[in-house]
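All remarks here apply to the structure that follows.
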Amino acid sequence: MNRIDRRNILKGGAGAALLATVGAVLPGEAAAQSQPQRGGTLVCAQLSANRRSAGPNNHRHPYFIVDANTKPIWSTPTWVNPQLGVELEIASKLEPADETLAVWDMTLREGVMFHDMTEMTAADATASFEYHRQNAPFARQITKVEQTGKYGVRFTLESGNAEFPYVLAEYNSPIMKAGPLETIGLDGIGTGPYRIVQSDPNRLMVLERFDGYWRKGFPYLDRIEIHNREGQQESALNGLRSGQFDAVLNIDARAAVQLANDPAFDIESSKGGYSFVIQLPKHPGSPWLDKRVRQAFAYAIDREAIVRIAYGGKYGWVSNDSHLMVTDPVFVPRPGGRDVAKAKQLLAEAGYPNGINLGALYWSPQLPEAGRYFQVLQQTVRDAGFTLTLDERPNDGYIQFRTGDNDFAKANFHKFAMTAVGSRNPGISLFRMRGAFVESGHWRGPEHDKYLALYNDAMVTADALKRKAIYAEMQAILHEEVPAILAAGGDTFLVKRKHIRNMPYHPQIWSIRFEEIWRA
Amino acid sequence: MLIAIARRLALSLVTLFMLAVFVFVATEIMPGDALDVSLSADEIAMIPPERLAQMKRDLGLDRPAHERLGAFLGGVVQLDFGRTLMSKTPVTTIVGYPYRNSLILAAAVLLVAIPFALAIGIAAAVWRGRPIDNIVSTVAVIGYSIPEFVIGTVLVMLFAVTWPIFPATITASTRDPALTLLAASPLAVATVVIGSVAYLARLVRTGMIEALASDFVERLRLTGIPEWRIVFRHALPAAIIPSLTAMALYAAALVSGIVVVELVFAYPGLGQELVRAVTRREVHVVQAIALGSAAIVVALNLLADLAILALDPRTRRA
């Protein structure tokens, strides 16, 4: 892979800000440590859900493909590396046009070919982002996208966003061949290392190497078969054990622990894959309105015990009551550890000297360890006087159940409930704690206003260190205010056979570089 | 005879209508809707409420239930189940191949299971109380009692992992030819066959014991007709008639009810499609599968009734 000239990613402090998060290992370096071989097929099973059921008409469109399968077919302007830093990908240059950070200029690489051997130009990028800005949540901030040259594109945003390059790395930011909004992307033609040769919606995708791929020397494999085994981990692992599959992506921690003892397989894990958030409803009459109760709860949880019991110790990590993952460079650990005495004292000051019954904590089995995770939490907070029951709800319709529609008259509002959250860049992660009722925090007051003001400042702050300081300040507010609880998180895993090489996992599953995988 | 047939046909149509209403109501009371499930929390958080409302309108999710019921029933009459909510694909296109695949699996299972079940059931009845009957009865109870996912998992462990003879999971595509699909599915077929043979053999055995003990068989024996001829020519048809309805229902259940086996082996059949449709709140797909499966049950039941009418003259007088 061409090394990126770090000075060129962004000019000024914004570039430095992003570069601060770029990891030390660049793609390709790991491969260079051994002798990659060309050819062969990778047959893998994918356990991730495809939320948007594909049908015969749209099964080659990137929006209707499992997110992990999009990057082998389509390239995005930028790429998020395993350390959650952003790098240039199909863009050769990306920089803010001025200090407002609300206008960004992108230059595409020249000579990048689509699978039909036509050259990608700015016309394709503008058509693609015209589609994305109307259909992808993270791209909605783009108010205008215009062509500034054969390879030049200008993005105008609603407001400044120093972390806009992350948006261009999303799986919903691929560059497709230009076409009308109604049909763009349906042909399945991208500029990625592999092209689609067979697609059975929601079941199977067969890809073959694209010889015109812009990263010279890649891909290594001739063919990739990706079998969708959503919710069928045992079936997928049986396929692995019998030799039908070379790898299974997204296995759970328990399976990872078991398979780690089998000499036939390698487990690849990625730190900081996801965590669970517990929202603390703050409607009238709720005990959670009192900050001291929220603080007491945060002190009462034995986060280490959750990591030990739910994740077997090494596959989990203590979170800090923000949506940031532990691997994020701006992550600030929560000060102090578990303090039951302090929790009791805070509860007493809040008017609950004999403890408090919180009723039901709702949870849904979004991940295999969820049940165990919340049992541990339930047990450990009891020491400080918190009593709660666990009420399991089905995943179907859970989002609606959990957040409600903020209708107090119908008692349909935030529940004392959990949900899983994945890894994103700091801006998006910290934005998730804003006061909107659909968000985990759903809080208000002067500290919230200060939090949002800091967020807005951060988004237009180009200097990396200054922005990191703002993020630290925001996290300090969360530690003090505890709008929601994020006690611990877990890693993500894949299992592969030994002869499959250079297939490290990624905290964002859609950012795995399939073109660097090879067979020994 | 004609009146009896007409009566059963009319009854079947009424049953189907009631089933259609029931299926609609059942899908209505499921929590959430297609939009809730198709959008992640991240996305919902980013979408303004007015746009969410517009998306609901676009999907027809804001129309009153009675309007949607009317449209649904009108479509059913024309075998038009509409389009999927999210991808706008005709539902018949979505469920067509899964239906075909489930029918293929059920047919393969019955083709293997019925001869085995007949042979075993007849042998157990003819040698009633002997060791062979005891073995057959015991094994049949065990075979019928063990859940199919246990049988499937054991077969996979033995014949795919320990001795890698057969594939553990089915990697064939949904649209692959029938033979390709079957060649990839020996363990799935075997799993269902084991339970099916156990169930059907017990039915055959019970019917045969009754038939062999009946007066008309005694009279045939007195005439000196060879025992094998009595068994196969006279007792067997008499034994099968009472079991026909049960067998028909079992065959129908095979088409729509082997969800667990489909999940264990990742067989691209109706069960998987149904699970996917339910989790995606694709109510039109759920309705098509549920109603189609119910129609198969009704149709096979009707066929069994008609067969009994044809084979057993006593029923025509009823």
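Since the structure is predicted, the reported quantities are computational estimates derived from the model, not experimental observations. Residue numbers start from 1 in every chain, and the chains themselves are labelled A, B, ... in the order their sequence lines are given, proteins ahead of strands.
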Q. Please, which pairs that meet salt bridge (charged side-chain N to carboxylate O under 4.0 Å, His left out) have at least one residue in residues 236-251 of chain A, sequence neighbours excluded?
A. Asp246(A)-Arg519(A)
(Q) For the residue pair Gln279(A) / Thr419(A), report whether a side-chain donor-acceptor contact shorter than 3.5 Å exists. (A) no
**Q.** Side chain / backbone / both / neither for Glu234(A) at chain B, heavy atoms under 4.5 Å
**A.** neither
Q: State whether a side-chain donor-acceptor pair under 3.5 Å links Arg402(A) with Ser364(A).
A: no
Q.
If I measure from the heavy atoms of chain A, does Glu273(B) come under 4.5 Å with its side chain, its backbone, both, or neither?
A. neither
Q) What residue, out of Gly243(A), Pro201(A), Ser242(A), has the most heavy-atom pairs lying under 4.5 Å from chain B? A) Ser242(A)
Q: Give, as side chain, backbone, both or neither, the part of Gln141(A) having an atom under 4.5 angstrom from any heavy atom of chain B.
A: neither
Q. Looking at Tyr63(A), Phe138(A), Tyr171(A), which hits ring pair (Phe, Tyr, Trp, His ring centres under 6.0 Å) with His132(A)?
A. Tyr63(A)
Q) Highest number of heavy-atom pairs under 4.5 Å with chain A: which of Ile170(B), Val161(B), Val285(B)? A) Ile170(B)
Q | Where Val421(A) and Arg432(A) come nearest, the two heavy atoms and their spacing | A | CB-NH1, 4.0 Å
Q. In terms of heavy-atom pairs under 4.5 Å, which option from Thr93(B), Val264(B), Thr174(B) contacts chain A the most?
A. Thr174(B)
Q. For the atom pair CE (Met433(A)) and CG (Leu324(A)), what is the distance rounded to the nearest 0.5 Å?
A. 9.0 Å
Q.
With a 4.5 angstrom heavy-atom cut-off, is it the side chain or the backbone of Tyr267(B) that approaches chain A, or both, or neither?
A. backbone
Q.
Taking side chain as everything from C-beta outward and backbone as N, CA, C, O, which of these in Ser173(B) sits under 4.5 Å from a heavy atom of chain A? Side chain, backbone, both or neither.
A. both
